[in-house]
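Notes follow the structure.
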Protein chains: 2
Amino acid sequence: MSNNQFKRGELYSVINGMATTAVARRLQKNFRNAGLEITIEQWSVLYHLWKEDGLSQLELGNRTFRDKASTTRLIDNLEKQELVTRIASKDDRRINLVYLTDTAKPLQQITYELANKTMNESLQNISKEEIEVVKNVLQRVYDNLTNKDLV
Amino acid sequence: MSNNQFKRGELYSVINGMATTAVARRLQKNFRNAGLEITIEQWSVLYHLWKEDGLSQLELGNRTFRDKASTTRLIDNLEKQELVTRIASKDDRRINLVYLTDTAKPLQQITYELANKTMNESLQNISKEEIEVVKNVLQRVYDNLTNKDLV
DNA sequence: GACATATAGTTAGTTATGCAACTAATATAA
DNA sequence: TTATATTAGTTGCATAACTAACTATATGTC
């Protein structure tokens with residue numbers, strides 16, 4: 001069909017996404033070593049709230065590539081740790097708007113630094129041009145799989 | 001420190017590995033649509049056994065980038081489905097060698113086809129050269145994070 | 001041989017994932 | 001305005017991840 005076939009022996013290493021998994025693990029380790037109790041999944045939610053506070057659960061799910069059930073539990077856990085609060089929208093009471101608490105705010109600076117540190121560790125000896133190609137290709141892969149229905 | 005910093009706004013999309021996640025989800029969906037009951041994680045183990053049957057659990061963990069606890073459960077589930085069996089090594093009874101059953105064998109052909117189909121769907125309009133760059137960079141990222149101790 | 005150490009695998013505990021079925025609130029149509 | 005459909009979020013169920021503590025077997029040293 002397409003002409004872009006991986007050799008079979010290489011299929012798994014690509015699908016597995018070992019590199020991105022390793023980056024996530026390293027970031028988690030860097031959080032833990034700094035005494036931060038949050039998971040990277042929780043951080044991914046906080047990250048988007050620091051950019052724009054008061055998003056709905058559905059919107060947070062979209063931005064972090066999760067379904068709504070996963071988003072619900074993640075926010076449950078963030079609420080348990082008192083890092084966010086749910087506030088029902090005045091306009092539409094089906095919607096929960098998620099807001100950062102004062103506890104969450106000081107985490108922004110330190111976690112950004114740890115994320116940058118992690119990226120530096122990951123990207124040693126990799127050129128800006130290569131990074132651009134990777135980002136671009138991963139985005140196109142993502143678009144290939146989400147912008148059309150399953151055949 | 002390094003000169004390869006992502007802009008903050010781009011950090012998450014890279015760390016999250018959205019593309020590889022999307023590929024994994026699509027492969028899972030393609031399995032399900034074909035009536036196959038296995039998860040992609042289970043498939044990743046079968047994949048390595050089809051290449052070389054009778055690996056130890058530890059070796060399977062290494063090849064699929066999992067720790068031993070995760071490998072144990074995955075093989076528990078594969079055994080429940082009667083796709084593999086554990087046989088204690090004669091030489092060292094600590095070691096479980098994992099073997100494919102006759103039930104697993106016919107899955108190889110169909111799952112390889114579905115994996116190739118998934119890769120074709122994912123890699124539409126992406127050139128061989130770009131794919132080479134991505135594979136190379138991801139490998140180097142992985143090496144950066146695993147070939148040395150945490151700072 | 002006896003004791004300490006290392007290794008392979010298991011188990012417990014916590015978090016996270018996805019799907020499917022459900023509730024509650026809103027929007028649409030008759 | 002009442003019945004129907006859609007939407008946002010929750011819950012149940014199953015799988016999977018990692019860490020830490022554990023068991024059993026092997027190895028190494030005295």
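Every chain is numbered from 1, with letters handed out A, B, ... down the list of sequences.
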- Task: Return the minimal non-hydrogen interatomic distance between A/T64 and A/S44, and the atom names on each side.
- Result: CG2-O, 3.7 Å
- Task: Could you tell me which residues satisfy salt bridge (Lys or Arg N to Asp or Glu O under 4.0 Å) with A/D76, sequence neighbours excluded, listed by chain and number?
- Result: A/R86
- Message: For DNA chain C, which residues of residues 69-81 of chain A approach it to below 4.0 angstrom with any heavy atom?
- Response: A/A69, A/S70, A/R73, A/L74, A/N77
- Query: Near DNA chain C, under 4.0 Å by heavy atom, which residues of residues 82-101 of chain B?
  - Reply: B/R86, B/R94, B/I95, B/N96
- Here the salt bridge (charged side-chain N to carboxylate O under 4.0 Å, His left out) pairs for residues 101-110 of chain B, sequence neighbours left out, are B/D102-B/K105
- Query: Under 4.0 Å between a side-chain N or O of B/R66 and OP1 or OP2 of D/dA17?
  - Reply: yes
- Who are the side chain to side chain donor-acceptor pair (under 3.5 Å) partners of B/N62, not counting sequence neighbours? none
- Note on the structure: Residues passing the side chain to side chain donor-acceptor pair (under 3.5 Å) test with A/D53, sequence neighbours excluded, are none
- For D/dA8, take OP1 and OP2 only and decide whether either is under 4.0 Å from a side-chain N or O of A/S56. no
- Task: Identify, with sequence neighbours excluded, every residue that meets side chain to side chain donor-acceptor pair (under 3.5 Å) alongside B/T103.
- Result: none
- Query: Residues two or more places apart in sequence or in another chain: which of them pass side chain to side chain donor-acceptor pair (under 3.5 Å) with A/K80?
  - Reply: A/N77
- Query: Atom CZ of B/R32 to atom C1' of D/dT15: distance rounded to whole Å?
  - Reply: 12 Å
- Task: Walking along DNA chain C from 5' to 3', note the first and the last nucleotide with an atom under 4.0 Å from a heavy atom of chain B, and give both.
- Result: C/dA6 to C/dC19
- Applying salt bridge (Lys or Arg N to Asp or Glu O under 4.0 Å) to A/D92 and not counting sequence neighbours gives A/R94
- Item | Sequence neighbours excluded - salt bridge (charged side-chain N to carboxylate O under 4.0 Å, His left out) pairs with any residue from residues 32-48 of chain B | none
- Item | Residues in salt bridge (Lys or Arg N to Asp or Glu O under 4.0 Å) contact with A/E59, at least two apart in sequence or another chain | A/R63
- Scan B/Q42 against the nucleic acid and name what it touches under 4.0 Å (heavy atoms): base, sugar-phosphate only, or nothing. sugar-phosphate
